[in-house]
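Worksheet for the structure shown next.
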Amino acid sequence: MSKKENYESKTEALLLPIAEKNHVEIYDVEYVKEGSEWYLRAYIDREGGVSINDCEAVSRELSDALDREDFVEDAYILEVSSPGLGRVLKKDKHLQRSLGDKVELKTYKPVNGSREFEGILKSFDGSTVTIQNEEEELQFDRKDIAVIKLAFDF
């Protein structure tokens, strides 16, 4: 397990009872370097969305727990937030919850001359994701997908 995966896994374990206490669910945890800074991000959600007060309460408790456990070797910035409207669908549970929703999908390399697709998320399994656009149903190998996220129109 890489340092990144280890930190994310340990943080998620610390976050679980905090999320339950605050009646939110863990959407994702990520440990990333942006520029010269490390960020430990926890994304929380619930039916109907989360408020700034939810994020603040979870952040305070998680910060205290991380200080007690002190397993992150680098200096980092802790962020707790909602995954947002255009949330990235990383895990099977994200895809399952988004079946029937409009998504944007980007591939690593062109497929039929394009790398960007939009459509309704129809199905997925361990190796493929299927979307329906206006003309046809398109199936993609999951290994070829750079990102899939919810689409939103203003």
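If you take CD1 on Ile148 and NZ on Lys106, they are separated by 12.0 Å, rounding to the nearest 0.5 Å. In this structure, CD in Glu104 is found 10.5 Å from CG in Leu89, a value given to the nearest 0.5 Å. Atoms CD and CD, from Glu25 and Glu47 in turn, are 8.5 Å apart once rounded to the nearest 0.5 Å. To the nearest 0.5 angstrom, Thr130 atom OG1 is 10.5 Å from Leu105 atom CG. Taking OG from Ser51 and CZ from Arg46, the interatomic distance works out to 6.5 Å, rounded to the nearest 0.5 Å.
Between Tyr43 and Tyr27, the distance separating the two ring centers is not shorter than 6.0 angstrom. Taking the ring centroids of Phe117 and Phe140, they lie under the 6.0 Å cut-off.
A salt bridge is defined here as a Lys NZ or Arg NE, NH1 or NH2 lying under 4.0 Å from an Asp or Glu carboxylate O, and Glu73 with Lys3 fails to meet this definition. Between Lys33 and Glu37, none of the side-chain N atoms (NZ, or NE/NH1/NH2) sits under 4.0 Å from a carboxylate O, so this pair counts as no salt bridge.
Across all non-hydrogen atoms, the minimal contact from Ile26 to Lys93 is O-NZ, 3.0 Å.
Using modelled atom types, one finds a donor on one side chain and an acceptor on the other under 3.5 Å when comparing Tyr31 with Asp74.
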Query raised in the report: So Asp54 and Asn22, side-chain contact (heavy atoms from CB on, under 4.5 Å) or not? Walk me through it.
Result: CA-CA 7 Å; Asp54 296 322; Asn22 287 277; 5.9 Å; no
**Report entry** Derivation and outcome, side-chain hydrogen bond (donor to acceptor under 3.5 Å, both in side chains), residues Thr128 and Asp125
**Finding:** CA-CA 5 Å; Thr128 64; Asp125 59 32; 3.0 Å; yes
